[in-house]
Number of protein chains: 2
Amino acid sequence: MRIGELSKQTGVATRMLRYYEEQGLITPRRLDNGYRVYDDYLVDRVRKIRGLIDSGIPTRIVSCILPCLGHPDSIVAENAEPGLFDLLEAERDRMSEKIDFLTQNRDAITEYLRALERAASQPMGTKAG
Amino acid sequence: MRIGELSKQTGVATRMLRYYEEQGLITPRRLDNGYRVYDDYLVDRVRKIRGLIDSGIPTRIVSCILPCLGHPDSIVAENAEPGLFDLLEAERDRMSEKIDFLTQNRDAITEYLRALERAASQPMGTKAG
DNA sequence: TTTGACCTTCACATTAGTGGCAAGGTGCAC
DNA sequence: GTGCACCTTGCCACTAATGTGAAGGTCAAA
């Protein structure tokens, strides 16, 4: 598919799709006329990229962890550059921290919302003060 | 405590502490000489702010959800401005999405790391191809 | 053949979050 | 009093992510 279609399917602006390409996150093929063509599997990939960026993972890191996703067992190993392993471990830990953090705070919000609801469904003057 | 001390305790640069103040996230009192003074409870608050920002929540939103945190039941209700409730619900949902997303991807990384370890502890030429 | 929807690159602007520095006040310690 | 560590405000700059618009190419359909 071409960039407009991918944009529609993912909800990501074409501008951003080109930006991700510039950052090395996706590498669409090109038609003779220069148009970018995206394989179907890239829809999922772009969604992942967006989710990660939205979660505060910079593109630099996203590009490192992308190889971890989607390939069940294939491309592993081989490219065992030193440092990558440690980087991935560190990033995984950072993600765990974020998860804990978000969970904690989301639960607090939920709690707060419940309290608001309780307050709203009450006579508003009952035992106030 | 003053800003330097808070910075040390939270690991957040003084520059950022002033920025958060500018964004309305914290409002330290002032000494006669103009120095900012922070109450102890702000240490926790600043850590929360950092965590949220690191998780991709913009300061604008952080300022909305901060009231949800830390107050067990007290300041609730009263200020039931319309729209706030919906915003909080939406933000909570967004956080849930992020949590799911991060969890998924973190697990994929973990899986990948495991595969790398397995590959590394193997004769490297065994059944390769 | 012209129109219109799509695509291309280039470039400039903006926003958020940061970092850094300059110029100056405060206050303790020697 | 001098020095030093801390604080103040203000400003400039940078990066990442994003918006936007110009100038132009492609292609199908009317």
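Chain letters run A, B, ... following the sequence lines, proteins first and then strands; every chain starts at 1. Hydrogens, waters and symmetry mates play no part in the numbers below; they use all other heavy atoms, side chains included. All figures in this text were calculated on a predicted structure; none of them were measured in a lab.
- Across the protein-nucleic acid pair, Arg29(B) atom CZ and dC7(D) atom C1' stand 16 Å apart, rounded to whole Å.
- Remark: Ile109(B) engages Ile65(A), Cys68(A), Leu88(A), Arg92(A), Met95(A), Leu113(B) in a side chain to side chain contact (heavy atoms under 4.5 Å, CB included) (not counting sequence neighbours).
- Regarding Glu22(A), its CD atom lies at a distance of 14 Å from the P atom of dT15(D), rounded to whole Å.
- Residue Arg36(A) places none of its side-chain N or O atoms closer than 4.0 Å to OP1 or OP2 of dC7(C).
- Taking the charged nitrogens against the carboxylate oxygens, Arg2(A) and Glu5(A) have no contact shorter than 4.0 Å, which rules out a salt bridge.
- The nearest whole Å value for the distance from the CG atom in Leu17(B) to the C1' atom in dT9(D) is 16 Å.
- Residue Asn33(B) places its CG atom among more than 12 non-hydrogen atoms of other residues, nucleotides or ligands, all under 6.0 Å distant.
- Taking atom CG on Leu31(B) and atom P on dC28(C), their separation rounds to 12 Å, with Å as the unit.
- Glu111(B) has a carboxylate O that lies under 4.0 Å from a charged side-chain N of Arg114(B), or vice versa, which qualifies the two as a salt bridge.
- The side chain of Arg18(B) places no N or O atom within less than 4.0 Å of a non-bridging phosphate oxygen (OP1 or OP2) of dG19(C).
- Distance from the side chain of Lys8(B) is smallest to dC6(D) among dC7(C), dT9(D), dC6(D).
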Using a cut-off of 4.0 Å between protein heavy atoms and nucleotide atoms, how would you tag nucleotides 17-30 of chain D 5' to 3' with B, S and -? BBBB----BBS---
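- Whole-Å rounding puts the Leu52(B) CG to dG17(C) P distance at 12 Å.
- Ile3(A) comes within 4.0 angstrom of the backbone, heavy atoms only, and of no base.
- dG17(C) atom P lies 16 Å from atom CD of Glu21(B), rounded to whole Å.
- In this structure, the separation between CD on Glu89(B) and OG1 on Thr110(A) is 9.0 Å, given to the nearest 0.5 Å.
- Arg47(A) contributes no side-chain N or O that, together with a main-chain N or O of Gly11(A), makes up a donor-acceptor pair within less than 3.5 Å.
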